[in-house]
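Here's the structure, in structure tokens; my notes come after.
Below, chains carry the letters A, B, ... as their sequence lines are ordered, and counting in each starts from 1. Worth knowing before you read on, the calculation uses all heavy atoms, side chains too, and leaves out hydrogens, waters and symmetry mates.
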Protein chains: 2
Amino acid sequence: MVTIKDLAKHTGVSVTTVSRALNGYSDVNENTRKKIMEAARLLNYSPNTLARSLVMKKSKTIGMLISGFLRESVKDNFLMDVMAGVHDFAAQTDYDIVIFNTNSSKQREKTYAQLCKERQVDGVIIQGIRTDDPYLLEIVEGDIPCVLVDIPLIGKWAGYVSTDNIAGASQVANYLADQGHRSIGMINGHDFAFVSQERFTGFQKTLNKRGITFDSSRVENGNFSEQGGAEAALRLLEKDPTITAVFCASDLMAIGAMNALTSKGIRIPEDISIVGYDDILLSRYVRPALTTVSQDTHGLGSAAAKMLINMLDHEGQPQQATVPHEFIERSSSKRLNR
Amino acid sequence: MVTIKDLAKHTGVSVTTVSRALNGYSDVNENTRKKIMEAARLLNYSPNTLARSLVMKKSKTIGMLISGFLRESVKDNFLMDVMAGVHDFAAQTDYDIVIFNTNSSKQREKTYAQLCKERQVDGVIIQGIRTDDPYLLEIVEGDIPCVLVDIPLIGKWAGYVSTDNIAGASQVANYLADQGHRSIGMINGHDFAFVSQERFTGFQKTLNKRGITFDSSRVENGNFSEQGGAEAALRLLEKDPTITAVFCASDLMAIGAMNALTSKGIRIPEDISIVGYDDILLSRYVRPALTTVSQDTHGLGSAAAKMLINMLDHEGQPQQATVPHEFIERSSSKRLNR
DNA sequence: CATCAGATCCGAAACGTTTTGGAGGAATGA
DNA sequence: TCATTCCTCCAAAACGTTTCGGATCTGATG
């Protein structure tokens, strides 16, 4: 490996001068600089980032903590979309991304904070973490700049990006009410996801405002999985067979619910309207195409990256950012005719 | 930040001893070791990987070069699936993954090899790169251990994983021939993808063996995109309206082709049979569901990671690995009745 | 007693950078 | 002439680890 010392020897100047020449300082003669550049090109030199990071105490690296990066989660484009967004923004900067394995199966029991310290990441983007994760607080209250995706926490070094889940759910509620539905159920994720809490809140408030009875007794959890959605749909129907519409807190659960209901001989949307959330790729292709709330997932990722890098490079304060969402009516829901 | 020196000061031993204690060497008394461990826990010490990597010349990091990690590529689960596979395998080891931004839009014009040297990755996994990429050879012939996905090149430090594309395409050819098709077209990716070359070869050879005329004049390139597939399908049909079956080198192109043909009033599979390749998530949900060749994409990724890490940890030779594929008949193809 | 072996510890160098605090010389101004 | 300023350069320290080559001490062996 060719180091800065080799360049120094090769050009007959000191290591200091080489470093300063390469980094564009003004106190080096143009001729020597040229000579150094030339040597660098000749010897195919590239600086050792590790050594640089060590002394500069900046690694120009941002970490991505993703708990659910498993075989399963691929179906759900959400995570991937966010990652792509982060990546696309980072690509315009000089930051690289390292993915953290926080697989529980791993023997090494390390906290997120430890991982970050060890790898010396400058900041970290966190997504898909449960609100009851013991390490969540550790990192939010820690001293590593971080941006949370869909977890509304702000700390001294922690900001977050999300969509307005309350508004989104509220729009769904208004839509269903407008369509004449009165007996409505909901399939939620789990109790430890902020989005679940918010979507429930927004949905309930608006329905109640519209004079429609709705409370947590009309909610079943589907754990954000297709299978879970299917089971929740059946439970919901068993509890109250008069239901004419179901709002699902994720598209994947909605798809599971649709399949379960269809195989029970229930027609969608004629008998029951289904509305999802996320607008994953599948929802456009599934039959009937899923009515849902679209989020700018890619934007969520790039907004997170933008906020984090702004915090790092310009000492910006941690903030909160909201990316837009949009209600999309497709064919899995319709006006109730009774 | 608490360093190894702090531990040394705190416990009254030398830095050397602390290091050796922490790393499990035998020449340190059990009592001192305990004392050191205790102090480490107390001060919440975690080692600085950067410093360690610098002296050890091993970063315990593998790089992932992905050229097409863009908004678009998300639709195509392929890339993501492979990534997940790599990640899942790496998660069981002590390697972390860093994603390399090789976005061309980037001002910093660096070659892959440079990126690898700078970040001091121990090895690298490469996918989605075109065979005419000028930097491909640089890295294959370089001295950084690497594993290529779907690019059959072997070098001193380079191995690869792929599926048997020739066999897969051959299966499709036999299937179509068995179904009575005689006038067959193909939509390929582009000329600079090995998989395209192989799939064409396998397809042509087998068709010819079965006495069916097929050559490159019956092939249109769709550039692996949905839009490209649609356009290619129309070109194909224009050239030869008697075509009864089209083999697409990727599902995404197949879906594009189906849409284009359908909107021309052509029924699938009644008028034309369509067969794809990859078995992306969508192909199951699209109507009619796509007949295709399924690849164990996740396995492709984890096989790549396994091979690379084996090369790194056990000085294994670069090899070639093939993961299984499977022909899957769905409803976009049928027996020809004439 | 001298020698040896084993257990336990440590100083200092090394890894490849950046940065601090100057040094030496030439040009300029008084 | 001397002092000042500018330009160009450099030696050495620092970053946080690991590791090489001993050093010191205790007991045991002959």
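- Distance CZ/B:F194 to OG/B:S162: 10.5 Å, rounded to 0.5 Å.
- Distance CD1/A:I97 to OG1/A:T61: 10.0 Å, rounded to 0.5 Å.
- Not counting sequence neighbours, the partners of B:E38 by the side-chain contact (heavy atoms from CB on, under 4.5 Å) test are B:R41, B:L42.
- Counting any heavy atom pair closer than 4.0 Å across all strands shown, B:V15 reaches a base atom.
- B:P47 has its side chain out of reach of B:I4: every pair of non-hydrogen atoms, C-beta onward, lies at least 4.5 Å apart.
- Taken from CD in A:Q127 to CD1 in A:I151, the straight-line distance is 9.5 Å, to the nearest 0.5 Å.
- Rounded to whole Å, the distance from NZ on B:K58 to C1' on D:dT17 is 16 Å.
- Within 3.5 Å, no donor on the side chain of B:T3 pairs with an acceptor on the base of D:dT17, nor the reverse.
- Heavy-atom contacts of chain A under 4.0 Å fall on DNA chain C between two terminal nucleotides, which in 5' to 3' order are C:dG16 to C:dT20.
- Residues satisfying the ring-ring contact (aromatic ring centres under 6.0 Å, His included) criterion with A:F224, sequence neighbours excluded, are A:H190.
- Of the residues in residues 18-33 of chain B, those lying under 4.0 Å from DNA chain C by heavy-atom distance are B:D27, B:V28, B:N29, B:T32.
- Atom P of nucleotide D:dA13 and atom NZ of A:K57 are separated by 19 Å, given to the nearest angstrom.
- The distance from atom OG1 of B:T49 to atom CZ of B:R52, rounded to the nearest 0.5 Å, is 6.5 Å.
- As a whole-Å value, the separation of A:N48 CG from D:dT17 P is 17 Å.
- Atoms CD (B:Q120) and P (D:dT17) sit 18 Å apart, rounded to a whole Å.
- Remark: P of D:dA13 and CG of A:L54 are 17 Å apart, rounded to the nearest angstrom.
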Practice item. Report the C-alpha separation of B:E118 and A:S46 in whole Å, then their side-chain angles, then the decisive distance to 0.1 Å, and conclude whether the side chain to side chain donor-acceptor pair (under 3.5 Å) test is met. Key: CA-CA 6 Å; B:E118 287 185 10; A:S46 43; 5.0 Å; no

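- Remark: B:K60 engages B:D94, B:D313 in a salt bridge (charged side-chain N to carboxylate O under 4.0 Å, His left out) (not counting sequence neighbours).
- Whole-Å rounding puts the A:R119 CZ to D:dT17 P distance at 14 Å.
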Exercise for review: Under the side chain to side chain donor-acceptor pair (under 3.5 Å) rule, what do A:Q295 and A:T163 come out as? Steps first, then yes or no, please.
Suggested key: CA-CA 7 Å; A:Q295 310 186 65; A:T163 52; 2.7 Å; yes

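- Overall, the helix from C:dC1-D:dG30 to C:dA30-D:dT1 carries an axis bend of 70° between its ends, with five pairs at each end and the value rounded to 10°.
- No more than 12 heavy atoms of other residues, nucleotides or ligands shown are found within 6.0 angstrom of NZ on B:K306.
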